[in-house]
Amino acid sequence: MVEVSTSILSVKREDALGTLYNLEVAKTDYFHIDVMDGKFVEQDTTEVMHEYCSHIKQISNLPLDVHLMVEDIKSYIDLEIRLFWMIRE
């Protein structure tokens with residue numbers, strides 16, 4: 001069986017809720033979250049990806065496939081775990 005993990009990196013902020021909802025309706029299997037710190041790679045997506053995770057929580061119970069492209073892996077894992085539980089409450 002093939003599963004699809006849809007990257008939301010290129011979703012425009014102003015269209016985020018609608019796009020995420022449409023992906024949910026289209027039966028994507030996972031949401032792929034690209035967390036970049038602006039150090040390990042040039043782009044910093046930390047804030048927008050956390051915002052999108054909050055939106056996803058409002059409309060979906062699908063799992064998140066989180067791809068960390070960061071220098072300090074442990075700090076980001078700890079941060080992601082805290083944010084995950086905060087969003088889940």
Student: Indicate, with yes or no, if Leu62 and Val4 share a hydrophobic cluster defined by side-chain heavy-atom contacts under 4.5 Å among Ile, Leu, Val, Met, Phe, Trp and Tyr.
Tutor: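 Per the 4.5 Å side-chain linkage, Val4 and Leu62 are not co-clustered.
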Student: Report the residues that fulfil side-chain contact (heavy atoms from CB on, under 4.5 Å) with Thr45, sequence neighbours left out, ordered by chain and then residue number.
Tutor: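 side-chain contact (heavy atoms from CB on, under 4.5 Å) list for Thr45, sorted by chain: Leu9, Met36, Gln43, Val48, Met49.
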Student: Does atom CD (Gln58) have a neighbourhood of more than 12 heavy atoms from anything else shown, all under 6.0 Å?
Tutor: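 It does: Gln58 CD has more than 12 such atoms within range.
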Student: Sort and list the pairs that fulfil side chain to side chain donor-acceptor pair (under 3.5 Å) and have at least one residue in residues 18-27, not counting sequence neighbours.
Tutor: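 Qualifying pairs: Glu24-Ser60.
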Student: Any side-chain heavy atom of Ser5 sitting closer than 4.5 Å to one from Thr28?
Tutor: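 Not in contact.
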Student: Strictly by salt bridge (charged side-chain N to carboxylate O under 4.0 Å, His left out), give each pair with a member in residues 58-79 just once, sequence neighbours left out.
Tutor: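 Applying salt bridge (charged side-chain N to carboxylate O under 4.0 Å, His left out) to every pair that reaches into residues 58-79, excluding sequence neighbours, yields Lys74-Asp78.
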Student: Return the CG to NZ distance between Leu20 and Lys57, rounded to the nearest 0.5 Å.
Tutor: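 Nearest 0.5 Å value for the CG-NZ distance: 14.5 Å.
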Student: List the residues meeting side-chain contact (heavy atoms from CB on, under 4.5 Å) with His67, not counting sequence neighbours, and say none if there are none.
Tutor: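 Counting only residues at least two positions away or on another chain, His67 forms a side-chain contact (heavy atoms from CB on, under 4.5 Å) with His32, Asp34, Met69.
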Student: Under the side-chain contact (heavy atoms from CB on, under 4.5 Å) test, which residues partner Asp44, sequence neighbours left out?
Tutor: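 In terms of side-chain contact (heavy atoms from CB on, under 4.5 Å), with neighbours along the sequence ignored, Asp44 is linked to Thr46.
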Student: Using every non-hydrogen atom in the two residues, find where Tyr52 and Val11 come nearest and quote the distance to one decimal.
Tutor: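 That would be OH-O, 2.8 Å.
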Student: How would you list, by chain and number, every residue that makes a side-chain contact (heavy atoms from CB on, under 4.5 Å) with Glu3, sequence neighbours excluded?
Tutor: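 Glu3 satisfies side-chain contact (heavy atoms from CB on, under 4.5 Å) with Met1, Asp29, Tyr30 only.
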Student: Should Val66 and Leu68 count as side-chain neighbours, where that means a heavy-atom distance under 4.5 Å?
Tutor: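 They are in contact (side-chain heavy atoms under 4.5 Å apart), so the answer is yes.
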